[in-house]
Colleague: 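This structure is in C-alpha cells; I'll ask about it shortly.
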Amino acid sequence: EVVYNTLIDGYCKQGDMKKALEIRNDMSSKGFNPNSVTFNTLIKGFCNTNKFEQAEKLLEEMLSISLTINAGSFTSIIHWLCKLSKMDSALRFVNEMLLRDIKPNDNLLTMIVGGLCKQGKHSEAVNLWFKLLEKRFFPNVMTSNALIHGLCKSGNAGEVIKILKEMLERGFHFDRVTYNTLISWHCKEGRFEEGFQLSEEMGKKGISQDTLTYTSLIKGLCKKGKMDEALMLLEKCKTEGVTPDVYTYGVIIEGFCKGDQIEKGKDIFNKMVNGKMEVNSFIYNSLIRGYSRMGDMKEAIRVCNEMKSKGIQPTSETYSSLIHGHCKIGCVEDAKLVIDEMRELSLSPN
RNA sequence: GCGCCAAUUGACA
C-alpha cells in the first residue's frame with residue numbers, strides 16, 4: 001500500500017489525476033485495498049486540479065464505508081466549497097467532522113462562519129459557534145471576529161451581545177480586530193460615544209488604535225455632523241503617530257459633502273492631491289454626489305471629467321449621482337445622455 | 001524552527 005500510495009501522491013502532485021487513478025485501480029486488482037491515505041491523497045489531488053465533484057464523491061464514499069477518516073480528508077474540500085460559496089455543503093461536512101470528534105482548523109472555521117454570515121445564514125453561524133464551545137473546540141479570536149462582524153452588519157444587536165457575553169465569561173480575549181469591528185458598528189449606527197468608550201478600553205488593555213480605529217471614530221462624528229470634532233480627531237490621530245489614509249480622508253470629505261459644506265470637502269481633497277496622496281473613485285463619488293445634490297451640475301461634470309482624465313473609471317454610483325442631479329434641476333435630457341454614456345461603458349443602471 | 005501565501009475589522013450607493 002505504501003508504495004502505491006507514494007506513486008499516487010506523485011501523480012497527484014503533478015496534477016495527473018488520470019495516472020493517479022490508474023495506479024489506484026492497479027492497486028485494487030493486485031489485491032491491495034485503498035486505505036485512508038489513498039483516499040486523502042486523491043481528494044487533495046482532485047481539489048488541486050479543480051475537480052471538486054470527484055473529490056466530493058470520494059469523501060462521500062469514505063463516509064459510507066468504515067475507513068479511518070481525519071481532518072485531512074475534509075480540509076481541502078471544505079476549503080474549496082467555501083471559496084465557491086457553497087456554504088450548505090461546507091457546513092454539512094463540518095458537521096460530519098464534529099460528529100466524529102475531529103476539529104476543523106481555525107482558518108477553515110473562520111472561512112465557514114464568515115461565509116455563512118455573508119449569505120445571511122447568521123443563525124447557522126451562531127449555532128456552529130456554540131456547538132464548537134460545547135465540543136470544547138474553542139473558536140479562536142478570528143473565528144469569533146468573523147461571527148461578530150457578520151452579526152453587526154446584519155444589525156443583530158441581540159446576538160452580538162450574546163456572543164460578547166459568552167466570550168467574556170469564558171475569558172476569551174478581544175484583539176484589535178474585535179475592537180475595531182465593534183467600534184465601527186457603534187459609530188455606523190450613530191452611537192459614537194460607545195465607540196470612544198471601547199477605544200479607551202482597548203488602549204487600557206495595551207492594544208493600540210490604528211488607522212481603522214480612527215477612521216471609524218471619525219465616521220461616527222461625521223455622521224452626527226460634528227465636523228469640527230472630526231477634524232480635531234484627525235489631528236490627534238496624526239500626533240499619535242497613526243497615519244490617516246485614503247479611507248480616513250474619504251470619510252471626512254463625505255462628511256462635508258453630506259453636510260452641505262462641499263467647499264471644505266474640496267479643500268481636503270486638494271490637500272490630498274497636493275500631498276501626492278492616492279485618490280480613488282470613492283473620493284470622487286462623494287464630491288460628485290455633493291455637487292449633484294446641490295444642483296451644481298457644472299461642477300459635478302467638471303469633477304467627473306477630472307476623474308476620467310486621471311484614468312479613474314466612473315462607477316454606476318457616479319452616474320447615479322449625475323442622473324439624479326440633472327433630473328433635480330429639470331434637465332431630463334442631460335440625464336438621458338448620461339444613461340447613454342453608461343451604456344457605452346456597459347455599466348448597468350441600478 | 002524558518003520563509004512565503006491565505007482567512008476576521010474602516011469610506012461613496
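Chain identifiers are assigned alphabetically (A, B, ...) following the order of the sequence lines, protein sequences preceding nucleic acid strands; residue numbering begins at 1 within each chain. All values derive from a computational prediction rather than experimental measurement.
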Colleague: Side-chain N or O of A:Lys258 versus OP1/OP2 of B:A13: is the shortest distance under 4.0 Å?
Modeller: yes

Colleague: Look at the side-chain N and O atoms of A:His149 and state whether any lies under 4.0 Å from the OP1 or OP2 oxygen of B:U8.
Modeller: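 No, outside the criterion.
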
Colleague: Could you state the atom-to-atom distance from CD of A:Glu317 to P of B:C12 in whole Å?
Modeller: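 To the nearest whole Å, that distance equals 11 Å.
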
Colleague: I want to verify a distance call: between B:A11, B:C12, B:U8, whose nearest atom is closest to the A:Val251 side chain?
Modeller: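 Out of B:A11, B:C12, B:U8, the nucleotide with an atom closest to A:Val251's side chain is B:A11.
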
Colleague: Determine the contact category for A:Thr248: base if any of its heavy atoms lies under 4.0 Å from a base atom, sugar-phosphate if only primed atoms, P, OP1 or OP2 are that close, otherwise nothing.
Modeller: base

Colleague: A:Phe32 vs A:Tyr4 aromatic rings, parallel, tilted or perpendicular, using cut-offs 30° and 60°?
Modeller: tilted

Colleague: So, are A:Glu53 and A:Lys57 salt-bridged, with charged N and O less than 4.0 Å apart?
Modeller: no

Colleague: Checking A:Asp228 now: which residues fulfil side-chain hydrogen bond (donor to acceptor under 3.5 Å, both in side chains) with it, not counting sequence neighbours?
Modeller: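 Result, side-chain hydrogen bond (donor to acceptor under 3.5 Å, both in side chains) vs A:Asp228: none returned.
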
Colleague: How many whole angstroms separate atom NE2 of A:His324 from atom P of B:A13?
Modeller: 12 Å

Colleague: Less than 4.0 Å between a side-chain N and a carboxylate O, is that true for A:Glu189 and A:Lys223?
Modeller: no

Colleague: Is there a side-chain contact between A:Lys219 and the phosphate of B:C12, meaning an N or O under 4.0 Å from OP1 or OP2?
Modeller: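 The answer is yes; a side-chain N or O of A:Lys219 sits under 4.0 Å from OP1 or OP2.
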
Colleague: Considering only heavy atoms and no angle criterion, is a donor-acceptor pair shorter than 3.5 Å present between the side chain of A:Asn280 and the base of B:A11?
Modeller: yes

Colleague: Give one of base, sugar-phosphate or nothing for A:Asp245, where a contact means two heavy atoms less than 4.0 Å apart.
Modeller: base

Colleague: NA contact type, A:Ser320, heavy-atom cut-off 4.0 Å: base, sugar-phosphate, or nothing?
Modeller: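 Nothing, no nucleic acid heavy atom in range.
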
Colleague: Given atom CG of A:Leu234 and atom P of B:A11, what is their separation to the nearest angstrom?
Modeller: 17 Å

Colleague: Whole angstrom is fine here: how far is it from CG in A:Asn48 over to P in B:C5?
Modeller: 19 Å

Colleague: Can you tell me the distance, in whole Å, between the CD1 atom of A:Ile323 and the C1' atom of B:A13?
Modeller: 13 Å

Colleague: Tell me the interatomic distance from A:Tyr247, atom OH, to B:U9, atom C1', rounded to whole angstroms.
Modeller: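 So the two atoms are 11 Å apart, to the nearest Å.
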
Colleague: Any side-chain heavy-atom pair from A:Glu1 and A:Met27 closer than 4.5 angstrom?
Modeller: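 Heavy-atom side-chain distance check passes, below 4.5 Å.
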
Colleague: Give one of base, sugar-phosphate or nothing for A:Thr215, where a contact means two heavy atoms less than 4.0 Å apart.
Modeller: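 Base contact.
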
Colleague: Starting at atom CG of A:Asn105, determine the distance to atom P of B:A7, rounded to an integer number of angstrom.
Modeller: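 Result: 14 Å.
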
Colleague: So A:Asp26 and A:Glu22, do their side chains get closer than 4.5 Å, heavy atoms only?
Modeller: no

Colleague: Let me know the distance between CH2 of A:Trp185 and P of B:G10, rounded to the nearest Å.
Modeller: 14 Å

Colleague: Heavy atoms only, 4.0 Å cut-off, all strands: where does A:Thr211 land among base, sugar-phosphate and nothing?
Modeller: base

Colleague: Just to be sure I understand the rule, does A:Lys223 reach a base, reach only the sugar-phosphate, or reach nothing, if contact means heavy atoms closer than 4.0 Å?
Modeller: nothing

Colleague: Taking only N and O in the side chain of A:Arg176, is any of them less than 4.0 Å away from OP1 or OP2 of B:U9?
Modeller: no

Colleague: So does A:Lys83 get a side-chain nitrogen or oxygen closer than 4.0 Å to the phosphate oxygens (OP1/OP2) of B:A6?
Modeller: no

